[in-house]
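What follows is a short report on a single structure.
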Amino acid sequence: MNIQSMLSSSSRHLRCYIAAAAASDLRALTFLPNSAPIRRPNHNPPPFSTSVDPPLFSTATRFISSSRTSSSLEQEATLNQILSSIQNAATLLESLYENRLFLSPKSFKRVLVAAAAESNDLSLLSQLLQVAIASSQPLNSACFLTVAKAFAKSDDCAELLRLTKQVMELTSPSMTVINRILFAFGECGETEKALLIFSQMKTLDFVPDLYTHNTVLEILGYAGRIDEMLGQFGVMKETGIVPDVVSYNTVLNNLRKLGKFDVCMFYFKEMGENGVEADLLTYTAVIESLGRSGNVEEALRFFDEMKARHIRPSLYVYRSLITNLKKMGKVDLALSLTEEMNSCDSELAGPTDFKRNKRL
DNA sequence: GTAGGGTTAG
């Protein structure tokens with residue numbers, strides 16, 4: 001079966017394939033050092049693979065031992081073969097995947113970059129991404145960003161809508177892939193295209209999840225579209241998605257950036273009423289909002305509360321407080337806070353301390 | 001490796 005017929009036919013087969021791959025408990029077999037994990041279903045032959053035997057355990061074992069002895073030259077040769085015939089990349093990848101061979105995300109990204117540079121239209125790129133998703137090719141955020149950047153250069157909204165529709169059909173009901181694509185468009189500043197994807201999701205009766213909403217809140221906020229961000233925040237709550245600390249921090253920090261300090265405090269209050277616990281980023285936004293609006297006493301009160309709750313302050317929080325204390329003429333307090341900051345420099349919260357998964 | 005400090009103007 002070729003790539004065109006595979007992609008144009010019902011996506012049901014591809015979904016079965018995904019399910020089979022997901023059911024696989026043979027994991028992360030290394031093709032090469034620092035290279036792609038090889039995943040293979042251990043039952044249910046892939047529907048569109050007619051030439052490969054069902055991967056029984058014995059064949060799996062043989063495959064494992066043979067893949068262990070694969071040289072890096074083989075991996076490089078495979079990649080070069082794809083790159084040298086980029087127009088046929090989707091077909092070549094498909095046969096690769098049928099043999100349970102996956103490129104590393106880095107190698108796959110090189111294929112995407114080559115496809116983006118080579119083709120005038122975006123359909124090749126779109127096909128590559130779909131084949132990869134259907135086959136559970138490991139994809140990192142750089143892969144999605146490459147696709148988003150290529151689409152950013154084009155005004156071909158039809159191709160974008162086609163891609164998102166097909167990706168959603170392939171990955172339903174999981175939202176992970178489409179959320180990552182949405183994020184990638186946001187990351188390269190493609191606000192309109194990201195919002196187009198978001199509206200396409202809703203048109204196709206996909207239910208945006210918490211990650212989708214949080215991503216959209218950030219995209220709107222970063223674009224300075226504060227009213228739309230707050231509107232979307234309301235819609236989110238109305239549709240039964242309960243905002244979490246990331247949702248609130250996104251709203252709070254974008255309000256703070258635009259100097260909407262009173263609105264920021266309004267949503268901080270709401271956050272507490274809804275039982276969402278403040279973290280480092282929350283306190284940062286609140287302390288900065290209060291300090292900038294001249295309310296340094298309140299800012300200091302939240303600073304103490306934060307420390308009492310064993311949330312380590314960051315350099316940002318100290319700098320904000322010190323600057324605003326000086327502005328208000330409280331030089332002594334500013335000095336003592338500076339000393340405090342310098343005395344505990346190694347204990348300050350680092351750039352990744354607010355990340356949610358760090359605490360789980 | 002699905003989301004929230006864009007080395008945040010200080």
Side-chain angles (χ1 to χ4, degrees), chain A residues 28 36-37 104-106 108-109 132-133 136-145 148 167 171 174-189 191 194 197-198 201 208-224 229 232-233 236 241-259 264 267-268 271 276-289 291-292 296 311-328 334 337-338 341 348-360:
Chain A
S104 67
K106 201 177 161 187
F108 183 70
K109 194 202 145 190
I133 291 166
S136 301
Q137 153 79 46
L139 299 165
N140 60 16
S141 52
C143 295
F144 292 109
L145 191 58
V167 166
T171 57
S174 167
M175 298 298 289
T176 307
V177 170
I178 200 68
N179 285 343
R180 293 179 76 186
I181 291 173
L182 189 67
F183 180 76
F185 277 87
E187 203 178 359
C188 57
T191 309
I197 294 170
F198 183 54
M201 281 168 63
D209 65 8
L210 182 62
Y211 290 90
T212 318
H213 281 287
N214 287 349
T215 304
V216 170
L217 289 177
E218 172 60 19
I219 287 169
L220 288 170
Y222 184 65
M229 180 188 77
Q232 192 53 48
F233 192 44
M236 170 185 178
I241 305 286
V242 179
D244 69 350
V245 65
V246 176
S247 322
Y248 275 104
N249 285 348
T250 303
V251 168
L252 259 40
N253 268 300
N254 282 299
L255 287 167
R256 175 197 58 75
K257 278 180 199 166
L258 290 177
C264 183
Y267 282 102
F268 173 63
M271 181 182 180
V276 181
E277 256 189 44
D279 70 2
L280 172 61
L281 264 63
T282 319
Y283 281 109
T284 308
V286 165
I287 288 168
E288 169 84 349
S289 280
R292 286 281 295 276
V296 279
I311 296 170
R312 278 189 301 162
S314 66
L315 213 54
Y316 288 143
V317 181
Y318 272 108
R319 274 198 214 143
S320 166
L321 272 173
I322 292 163
T323 306
N324 289 312
L325 281 168
K326 280 184 191 163
K327 238 182 251 176
M328 297 301 285
L337 266 188
T338 306
M341 174 177 77
L348 292 174
T352 55
D353 283 343
F354 61 91
K355 286 289 181 191
R356 169 158 235 202
N357 53 10
K358 266 201 82 120
R359 293 200 310 254
L360 294 177

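Values in this document were obtained by computation on a predicted structure and should not be read as measured data. Sequence lines set the chain letters: A, B, ... in the order given, protein chains first and strands last, and positions in each chain run from 1.
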Check every strand shown and say whether [X] touches a base, only sugar-phosphate, or nothing at a heavy-atom separation below 4.0 Å.
{"X": "A:Asn254", "result": "nothing"}
{"X": "A:Gly259", "result": "nothing"}
{"X": "A:Phe183", "result": "sugar-phosphate"}
{"X": "A:Ser314", "result": "base"}
{"X": "A:Leu139", "result": "base"}
{"X": "A:Asn253", "result": "nothing"}
{"X": "A:Tyr248", "result": "nothing"}

With sequence neighbours excluded, residues passing salt bridge (Lys or Arg N to Asp or Glu O under 4.0 Å) with A:Glu288: A:Arg292
Flag for A:Asn214-A:Ser247: side-chain donor and acceptor within less than 3.5 Å: yes
Side-chain donor-acceptor contact under 3.5 Å, A:Asn179 with A:Thr176: no
Tell me which nucleotide among [options] gets nearest to the side chain of [X].
{"X": "A:Pro105", "options": "B:dT2, B:dG1, B:dG6", "result": "B:dG1"}
{"X": "A:Asn324", "options": "B:dT2, B:dG10, B:dG5", "result": "B:dG10"}
{"X": "A:Leu281", "options": "B:dA3, B:dA9, B:dG5", "result": "B:dG5"}
{"X": "A:Leu280", "options": "B:dA3, B:dG5, B:dG1", "result": "B:dG5"}
{"X": "A:Asn140", "options": "B:dT8, B:dG1, B:dT2", "result": "B:dG1"}
{"X": "A:Thr323", "options": "B:dG10, B:dG1, B:dG5", "result": "B:dG10"}
{"X": "A:Thr284", "options": "B:dG1, B:dG5, B:dG10", "result": "B:dG5"}
{"X": "A:Asn214", "options": "B:dT8, B:dG5, B:dA3", "result": "B:dA3"}
{"X": "A:Tyr316", "options": "B:dT2, B:dT8, B:dA3", "result": "B:dT8"}

Minimal non-hydrogen separation, A:Ala148 against A:Cys188, with atom names: CB-SG, 3.8 Å
For [X] and [N], what is the distance between atoms [atom1] and [atom2] respectively, to the nearest whole Å?
{"X": "A:Lys355", "N": "B:dG6", "atom1": "NZ", "atom2": "P", "result": "10 Å"}
{"X": "A:Arg256", "N": "B:dG5", "atom1": "CZ", "atom2": "C1'", "result": "8 Å"}
{"X": "A:Glu187", "N": "B:dG6", "atom1": "CD", "atom2": "P", "result": "13 Å"}
{"X": "A:Asp279", "N": "B:dG5", "atom1": "CG", "atom2": "P", "result": "12 Å"}
{"X": "A:Ile133", "N": "B:dT2", "atom1": "CD1", "atom2": "C1'", "result": "13 Å"}
{"X": "A:Leu255", "N": "B:dT8", "atom1": "CG", "atom2": "C1'", "result": "16 Å"}
{"X": "A:Leu258", "N": "B:dG6", "atom1": "CG", "atom2": "P", "result": "12 Å"}
{"X": "A:Met201", "N": "B:dA3", "atom1": "CE", "atom2": "C1'", "result": "13 Å"}

Residue-phosphate contact under 4.0 Å: A:Lys257 side-chain N/O, B:dG6 OP1/OP2: yes
Contact under 4.0 Å: A:Arg319 side-chain N or O vs B:dT8 OP1/OP2: yes
Test item: A:Ser320 side-chain N/O and A:Tyr316 main-chain N/O as donor-acceptor pair under 3.5 Å: no
Measure distances between side-chain N and O atoms of [X] and base N and O atoms of [N], and say whether any donor-acceptor pair falls under 3.5 Å.
{"X": "A:Ser141", "N": "B:dG1", "result": "no"}
{"X": "A:Glu288", "N": "B:dG10", "result": "yes"}
{"X": "A:Ser320", "N": "B:dG10", "result": "no"}

Min side-chain heavy-atom separation A:Tyr222-A:Met229 under 4.5 Å: no
A:Ala349: side-chain contact (heavy atoms from CB on, under 4.5 Å) partners, not counting sequence neighbours: A:Leu280, A:Arg312, A:Ser314, A:Asp353
B:dG10 to B:dG5 separation - C1' atoms, rounded to the nearest Å: 15 Å
